[in-house]
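Small disclaimer: the values here were computed from a predicted structure and weren't measured. Order of listing sets the numbers, starting from 1, for every ligand and every atom in it.
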Amino acid sequence: MNDMNKKLYQLAPDLTICRILNGMWQVAGGHGYVDQELAIADMLRYHDAGFTTWDLADIYGPAEDFIGEFRRRLLKVKGKEELSKIQALTKWVPQPSRITRSIVNRDIETSLRRMGVSSLDLLQFHWWDYNNPYYMDALKYLYDLRDQGHIKHLGLTNFDTEHMEIIADSGLQIISNQVQYSIIDRRPEVKMIPFCMEHKISLLAYGSICGGLISERYVGAKEPATALLNTLSLRKYKKMIDAWGGWNLFQSLLLTLQTIAKKYNVSIANVATNYILAKSAVAGVIIGARLGIVDHIRDNIRVFNFNLDKSDCDSIDAICTKANNLFEIIGDCGEEYR
Ligand SMILES: NC(=O)c1ccc[n+]([C@@H]2O[C@H](COP(=O)([O-])OP(=O)(O)OC[C@H]3O[C@@H](n4cnc5c(N)ncnc54)[C@H](OP(=O)(O)O)[C@@H]3O)[C@@H](O)[C@H]2O)c1
């Protein structure tokens, strides 16, 4: 039985999302050849399965155009009511130069046109370099666009707690921050989650299944050489596992997750996703979708069918006490990008 209450999250009074979001970084290259026709057909299948929320960015190759085409196709096939069920959360990732109002207006207009919408559901803002102070100007211009109705809500991605605090102190209201958060990478727990709880800001987590490394496929597997990892995502999170504690400790974690997965008759990825979804401040987990190549729709829908109990979480946490502290090694959320 599928529990719809567990499946949905109200990010804002007028914005309810599916707690598993379909991640579109995977269409940007480095994850296999993407055929537009097959990709759009898959987007319709995700939608039909109830996965109605998409995470994308202006810099994710054709992702915004895919949303535009998907919307046109859905309208044609299923009509207006079905179209209204989509949530498309994009990002604005500008180069950290001097940001002017006209740059912001131009870039947001481009996203609106590509996605075929009159207002963005959520615009998540990324900034590469805190030494460049223009991020506050950028945010103010974005707020003006929000007031004019071109953007419904503003969020951030990969901001650390210190800079979230600066933004909150300036009176600018943001509803979310998107950060890497998994059983392996628990940096959000140090400062970010307490801050978000206090300021009623939601987290959208990515990397929660480490590009697919946290799955049955790697149980008992020999440590893969980088050259054998066939997506950018797998390579990115393998490095994270190396910093966390290495392949042997990761194998112990996989075995523990497998035991729990068997108990609920679900998959290891389901357990890892469920574990993060149950954490404070977490609104949703973004799972990357290699559209038109492979999908895990039938498996991922099972995340909503069970709850981990305390003994499950304790056994996962016991493994993690043997790992390195990534907050000490890398720093707060988003530091890996700076
Ligand atoms: N804000 C940021 O800086 C940032 C950074 C990274 C990602 N993101 C967002 O987060 C999304 C997720 O990307 P990610 O890199 O973190 O990847 P991820 O979600 O950790 O991994 C995605 C991969 O996991 C595998 N997978 C999915 N469901 C599975 C299941 N049930 N069982 C086994 N394997 C499964 C698939 O691999 P196969 O396709 O090989 O089967 C899929 O391609 C991105 O698309 C993007 O939207 C944001």
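- Salt bridge R45/D48: absent, no basic N to carboxylate O contact under 4.0 Å.
- For D107, the salt bridge (charged side-chain N to carboxylate O under 4.0 Å, His left out) test picks out no residue, with sequence neighbours left out.
- The protein atom (non-hydrogen) at minimum distance from atom 17 (O) of ligand 1 is S233 OG, 3.3 Å.
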Could you please spell out the steps behind the salt bridge (Lys or Arg N to Asp or Glu O under 4.0 Å) verdict for D144 and K140? CA-CA 6 Å; D144 291 341; K140 282 177 197 142; over 6 Å; no

Please determine whether side chain to side chain contact (heavy atoms under 4.5 Å, CB included) holds for the pair W25 and S233, giving the CA-CA distance in whole Å, both sets of side-chain angles, and the decisive distance to 0.1 Å. CA-CA 9 Å; W25 174 44; S233 182; 3.7 Å; yes

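- Salt bridge R73/E69: present, at least one basic N to carboxylate O contact under 4.0 Å.
- Between A269 and ligand 1, no N or O atom pair is found at a separation short of 3.5 Å.
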Quick one, R71 with L83, criterion side chain to side chain contact (heavy atoms under 4.5 Å, CB included). Give me CA distance, side-chain angles, the key distance, then yes/no. CA-CA 7 Å; R71 288 176 51 82; L83 185 65; 3.7 Å; yes

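- Nearest protein heavy-atom contact of atom 7 (C) of ligand 1 is Y206 CD1, 3.6 Å.
- Contacts of D299 with ligand 1, taken as heavy-atom pairs under 4.0 Å, involve the side chain alone.
- Looking at D55 against ligand 1, both its backbone and its side chain come within 4.0 Å, counting heavy atoms.
- Residue C210 touches ligand 1 through its backbone alone, judged by heavy-atom distances below 4.0 Å.
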Stepwise side chain to side chain contact (heavy atoms under 4.5 Å, CB included) test for D317 and T321: CA-CA 6 Å; D317 296 345; T321 57; 5.6 Å; no

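- Of all protein heavy atoms, the one lying nearest to atom 1 (N) of ligand 1 is T157 OG1, 2.9 Å.
- Applying the 4.0 Å criterion to heavy atoms of S215 picks out, from ligand 1, the atoms 33 (C).
- Any N or O atom pair closer than 3.5 Å counts here, and T231 shares no such pair with ligand 1.
- Only side-chain heavy atoms of V294 come within less than 4.0 Å of ligand 1; its backbone N, CA, C and O stay farther off.
- At under 3.5 Å, not a single nitrogen or oxygen of N270, backbone or side chain, sits near a nitrogen or oxygen of ligand 1.
- Between G288, G23, A205, G211, it is G211 that holds the heavy atom closest to atom 21 (O) of ligand 1.
- Backbone and side-chain nitrogen or oxygen atoms of S267 are examined, and none is located within less than 3.5 angstrom of a nitrogen or oxygen of ligand 1.
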Could you walk me through whether Q178 and D55 pass the side chain to side chain contact (heavy atoms under 4.5 Å, CB included) test, one step at a time? CA-CA 10 Å; Q178 181 178 136; D55 178 74; 2.8 Å; yes

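- Heavy-atom proximity to Y237, at under 4.0 Å, picks out these atoms of ligand 1: 6 (C), 14 (P), 15 (O), 16 (O).
- Ligand 1 has an N or O atom lying under 3.5 Å from an N or O atom of G207, backbone or side chain.
- Residue-level proximity to ligand 1 for K91 is carried by the side chain, the only part with a heavy atom below 4.0 angstrom.
- Defined by atom type and a distance below 3.5 Å, a donor-acceptor pair is missing between the side-chain atoms of Q124 and T157.
- In the candidate list Y218, W25, W54, W25 is nearest to atom 44 (C) of ligand 1, counting heavy atoms.
- Ring-plane geometry between H126 and Y337 is classed as perpendicular, the angle between the planes exceeding 60 degrees on a 0 to 90 degree scale with a lower cut at 30.
- Ring centroid separation for the pair W54 and F70 comes in under the 6.0 Å cut-off.
- Heavy atoms of R217 approach ligand 1 to within less than 4.0 angstrom.
- For M24, every heavy-atom contact with ligand 1 shorter than 4.0 Å involves the backbone, none the side chain.
- Evaluation of the ring-ring contact (aromatic ring centres under 6.0 Å, His included) test over residues 273-298, restricted to residues two or more places apart or in two chains, returns none.
- Taking a cut-off of under 4.0 Å to the non-hydrogen atoms of Q26, the atoms of ligand 1 that pass are 13 (O), 14 (P), 15 (O), 17 (O), 44 (C), 45 (O).
- Of all atoms in ligand 1, numbered sequentially from 1 with element shown, those under 4.0 Å from a heavy atom of R290 are 38 (P), 39 (O), 40 (O), 43 (O).
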